[in-house]
Amino acid sequence: MFCIFWTAAPQMVSASVGTISFPVPQFSAADTNLYQYLPFPMGASVGIGRMKNNAKYSEVVSKEFNSITAENVMKFRALHPAENTFNWADADYLVDFAQKNGKRLHGHTLNWYQYLPAWVTNFSGDSIAWENMLKTHIQTVVAHFKGKVTSWDVVNEYFNDDGTIRPSVWVKNLGPDYIARCFQYAHEADPDAILFYNDYGHEYSSAKRTAIANLVNSFKTRGVPIHGVGMQFHMTHTQSDANINAAMAFAAGTGLKVHISELDVRVNVNKVKHLIFTDAMALQQADRFRFVVKAYNTAIPKAQQFGITTWNVGDADSWVPSWQGAPDYPLPFDANYLRKPAYKAIIEGGK
Ligand code: G3I
């Protein structure tokens, strides 16, 4: 296994990764910051429990990143658990953290087919009642965070991988064009907010890329306010250069801001139950992080670079193991928040 130590002064030293030796940047705990090495904002999504209860976690977030995304606490179920109840406490905690530490706060997500409270999935109103409910949610949330949240994932994962529209309670009750009204409602509530359409799979589905490009073009033609595309990039350590480049070319072509919004690189593609994270995996994973960051930095014009966000911080914080039912190590920090080879690779990719 590799080991990366904190040392007293910034310097380059060789760290040992099994039998492989390679240089890693070493910094004192006082001056560590990933984002200062990158020419665009570098963020992480954060879990509220760890932010409140794990001092090491919040310290790493504060020192290494200059943008944060709420992993869950700004989703519908978290913010709006009952029809007439909004629960701001957890999200406001992140607002406070962002303001005190000078971090950009990205909002995730105003509309999604998942993580809805039961009162929404069971909602029995007619289309006017559904429309009011959608509009009230979006505008109450955006107004609450106006001036505090820079940007929003307005709609998340509207498309299937084959480019068709995903069935959801929203499409079922409001028709497919409800997505345009989500953007209009958000824009009315905060005209300064940067509004994103967020999805995954750009690196492997040309059909989804085409569907998103068509959506963006239709919004532009109709004057629907959209300012960015979020590409989640939940990827595997075997993803190809060509696929990653295709996603970047698509995103650059939209002319909009581009956010790599949920980056992680999983290595347990075969879902092995007791996987050991080998040095070879660590290096292959680092190579993919480097390639994504480099491709972003070179293919996306500067004015379109909104930044890159990893989906959480350390391997033990990741959603991946519970989702795939098998261990994984998808992030640039290990479970003890020591930097992995992927950390250095991100810096190299940004050069
Ligand atoms: O907070 C409850 C806790 O009280 C309860 O005991 C526990 C029991 O399961 O569940 C906890 O809620 C979980 C929540 O994460 C907070 O940890 C939910 O079950 C779980 O479904 C939820 O998963 C999140 C998932 O979105 C669904 O909202 C993941 O953490 C989060 O990483 C994931 O993020 C999504 C992005 O929003 C969109 N793109 C894909 C990405 C990965 O699925």
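Every number for a ligand or one of its atoms is a count from 1 in the order of the listing.
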*Among the heavy atoms of Y200, does any lie under 4.0 Å from an atom of ligand 1?*
no

*asked:* List ligand 1 atoms under 4.0 Å from H234, heavy atoms only on the residue side.
replied: 40 (C), 41 (C)

*Tell me: protein heavy atom nearest atom 24 (C) of ligand 1, and distance?*
N72 OD1, 3.3 Å

*Quick one: does R77 get a heavy atom under 4.0 Å from ligand 1?*
no

_Is_contact(atom 37 (O) of ligand 1), protein non-hydrogen, under 4.0 Å_ = yes

_Tell me whether R288 forms a cation-pi arrangement with F291, defined as NZ or CZ under 6.0 Å from the six-membered ring centre and within 45 degrees of its axis._
yes

*Listed by chain and number, what are the ring-ring contact (aromatic ring centres under 6.0 Å, His included) partners of F219, not counting sequence neighbours?*
F183

*Is any N or O atom of N156, backbone or side chain, closer than 3.5 Å to an N or O atom of ligand 1?*
no

*Pi-cation contact, Y93 with K52 (under 6.0 Å, within 45°)*: yes

*What do you think, any protein heavy atom under 4.0 angstrom from atom 43 (O) of ligand 1?*
yes

*atom 28 (O) of ligand 1 within contact range, any protein heavy atom under 4.0 Å*: yes

*Quick one: are the ring centres of W170 and W112 less than 6.0 Å apart?*
no

*Among K75, H108, E157, E71, which residue places a heavy atom closest to atom 25 (C) of ligand 1?*
K75

*Mind telling me whether Y57 and Y337 have parallel, tilted or perpendicular rings, with 30° and 60° as the class edges?*
perpendicular

*asked:* Quiz question for you: does at least one protein heavy atom lie closer than 4.0 Å to atom 19 (O) of ligand 1?
replied: no

_Quiz question for you: does at least one protein heavy atom lie closer than 4.0 Å to atom 14 (C) of ligand 1?_
yes

_Looking only at protein heavy atoms, which one is nearest to atom 22 (C) of ligand 1, and what is the separation?_
Y115 CE1, 4.0 Å

*asked:* With the threshold set strictly below 4.0 angstrom, can you tell me whether any protein non-hydrogen atom sits that near atom 7 (C) of ligand 1?
replied: no

*Restricting to pairs with a member in residues 297-314, which pass salt bridge (Lys or Arg N to Asp or Glu O under 4.0 Å), not counting sequence neighbours?*
none

*Could you tell me whether some N/O pair between W311 and ligand 1 is separated by less than 3.5 angstrom?*
yes

*asked:* Is atom 3 (C) of ligand 1 near the protein, in the sense that some protein heavy atom lies at less than 4.0 Å from it?
replied: no

*Candidate list Y296, F40, F196, test ring-ring contact (aromatic ring centres under 6.0 Å, His included), partner F306, passing option*: F196

*Check whether the ring centres of W311 and H108 lie less than 6.0 Å apart, and answer yes or no.*
yes

*Of R209, K208, R166, which is the lone residue that meets side-chain hydrogen bond (donor to acceptor under 3.5 Å, both in side chains) with D199?*
K208

*Any protein heavy atom nearer than 4.0 Å to atom 40 (C) of ligand 1*: yes

*Verdict with supporting geometry, N173 and F123, side chain to side chain contact (heavy atoms under 4.5 Å, CB included)*: CA-CA 10 Å; N173 290 286; F123 194 74; over 6 Å; no

*Looking at ligand 1, does any of its N/O atoms fall within less than 3.5 Å of an N/O of E262?*
yes

